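So the structure is just underneath, and the comments pick up after that.
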Amino acid sequence: MSLPDDLLAWYDRHARALPWRVPPDARQSGVAPDPYRVWLSEVMLQQTTVAAVRDYFRRFTERWPTVEALAAADDADVMAEWAGLGYYARARNLLKCARVVTAQHGGRFPDTREGLLTLPGVGPYTAAAIASIAFDRPETVVDGNVERVMARLHDVHTPLPAAKAELTALAAALTPQERAGDYAQAVMDLGATICTPRSPACGICPWREPCRARAERTQAELPKKALKKSKPVRQGIAYVGRRADGAWLLETRPPEGLLGGMLAWPTTAWAEGAPEPAPPAEADWQDLGAEARHTFTHFHLQLAIRVADLPHSAVPTRGEFLPHDRFRPAALPTLMRKVHDLARATFRPD
DNA sequence: GAGCCGTGGTG
DNA sequence: TCACCAAGGCT
């Protein structure tokens, strides 16, 4: 038995049951995955855990069962449905991609890695994942799991990201011509359930015998990674205003950059040091005395909160009033939902 | 190559 | 409390 065969045999017994996955037995009986569902799941899973993705995947596929349905959706509806999942450029690219596939490819996803790479939001990993999982092409997927598994299997001590090319070559050398889709998912399942970042379960690993790191007892320290930079602290002020009729003053953030395209409370700029106030409407803004703390990828944020009852005649300089019955806190990104949770108690119950 | 871009779980 | 981490892509 070869290494890939050993892994596939393990996968046949231990594959995780996932909503977007065709299990190995069904697959070998000729059931083909739906490329739309494979693509959607892979985009959602970028830097995101399976546990976080499950409910989002279910809601998206119920609401938009096909790529054509998604392509026809309103941008704001898609952004609201994505709210809380993070990395919102993914949602913007998701729509772009659905519209390209619908308008330029007749609603069918390209079935090669090269074709898939031309799509918005589809990079080297996702293109290989869709090509292998949806179309059974022998492409090599290299995600964080595969990097970790290869670094341990071959005892590679070069730190990431410099080691990326080396680990990719090692992974490619193992990729089988047959059952490419199952193999791709098998390596990732191995990384997610056995060859985990901390406390890997080497004793029950199908690759425990050939694993070089296990032999050298270096598995816990691999893969090596470059030191991370510390995060600076930025500060700002969020303005939560409500009109007497219950409408909230909200804005849609600019399409690019942090939380781009998302519904949000108007805020000052976020910078190191005390923020310059920038209220979105003339009113008696009161400091809430509590702040929302949130950590983004590259900085910590401390967001002070100011609240105001706005007169019906108020003309905001930014944002617009969203009627009470059309406002869903779930449509806010998490930071803005935290702000709402802190501020809501200060207003009369609706 | 490196910075930007979210969030929730975990030790 | 806090740093680390997860099926990356774009610029």
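Letters A, B, ... mirror the listed sequences (proteins, then strands); counts begin at 1. Since the structure is predicted, the reported quantities are computational estimates derived from the model, not experimental observations.
- Exactly one residue among A:Arg328, A:Arg63, A:Arg58 makes a salt bridge (charged side-chain N to carboxylate O under 4.0 Å, His left out) with A:Glu81. That residue is A:Arg63.
- Among the atoms of the strands shown, only primed sugar atoms or phosphate atoms (P, OP1, OP2) are found under 4.0 Å from some heavy atom of A:Arg148.
- In this structure, A:Val53 and A:Phe60 have side chains that are not in contact, with every pair of non-hydrogen atoms separated by 4.5 Å or more.
- Checked by atom type and distance alone, the side chain of A:Thr175 pairs as donor or acceptor with a backbone atom of A:Ala171 at under 3.5 Å.
- A 4.5 Å side-chain heavy-atom check between A:Leu95 and A:Asp75 finds at least one atom pair inside the cut-off.
- Within 4.0 Å (heavy atoms only), A:Leu227 reaches no atom of the nucleic acid at all.
- Between A:Ala89 and A:Lys229, the residue anchored closer to the 5' end of DNA chain B is A:Lys229, taking for each the nucleotide with the nearest heavy atom.
- Considering only the side chain of A:His298, B:dC5 comes nearest among B:dC5, B:dT7, C:dA3.
- The A:Phe296 side chain lies nearest to B:dT7 when the options are C:dG8, B:dT7, B:dC4.
- Of the two residues near DNA chain B, A:Pro161 and A:Arg92, the one whose nearest nucleotide lies more 5' is A:Pro161.
- Checking B:dT7, C:dA7, B:dG6 against every side-chain atom of A:Thr297, the shortest atom distance belongs to B:dG6.
- At a non-hydrogen distance threshold of 4.0 Å, A:Gly257, A:Leu258, A:Leu259 from residues 254-268 of chain A come into contact with DNA chain B.
- For A:Gln46, the listed nucleotide lying nearest its side chain is C:dG8; candidates were B:dT7, C:dA3, C:dG8.
- Across B:dG8, C:dG9, B:dT7, the shortest atom-to-atom separation from the side chain of A:Pro333 is found for B:dT7.
- Residue A:Trp20 is in base contact, counting any heavy-atom pair closer than 4.0 Å across all strands shown.
- Residue A:His294 forms a side chain to side chain donor-acceptor pair (under 3.5 Å) with just one option from A:Gln302, A:Lys338, A:His300, and that option is A:Lys338.
- Side chain of A:Asn145, nearest nucleotide from C:dG9, B:dG6, C:dA6: C:dA6.
- Side-chain contact check for A:Tyr11 versus A:Asp189: some heavy-atom pair is nearer than 4.5 Å.
- No side-chain heavy atom of A:Val142 sits less than 4.5 Å from a side-chain heavy atom of A:Pro124.
- For A:Arg37 and A:Asp34, the salt-bridge test fails: no basic side-chain N is under 4.0 Å from an acidic carboxylate O.
- Interface residues of residues 47-66 of chain A facing DNA chain B, ordered by number: A:Gln47, A:Thr48; criterion, heavy-atom separation under 4.0 Å.
- Comparing A:Ala127 and A:Lys225 against DNA chain C, the residue whose closest nucleotide sits nearer the 5' end is A:Lys225.
- Residues of residues 184-199 of chain A that place a heavy atom closer than 4.0 Å to DNA chain C, in numerical order, are A:Met188, A:Pro197.
- Between B:dT7, B:dC4, C:dG9, one nucleotide has an atom nearer to the side chain of A:Tyr125 than all others, and that is C:dG9.
- In the set B:dG6, C:dG8, C:dC5, C:dG8 carries the atom at the smallest distance from any side-chain atom of A:Thr126.
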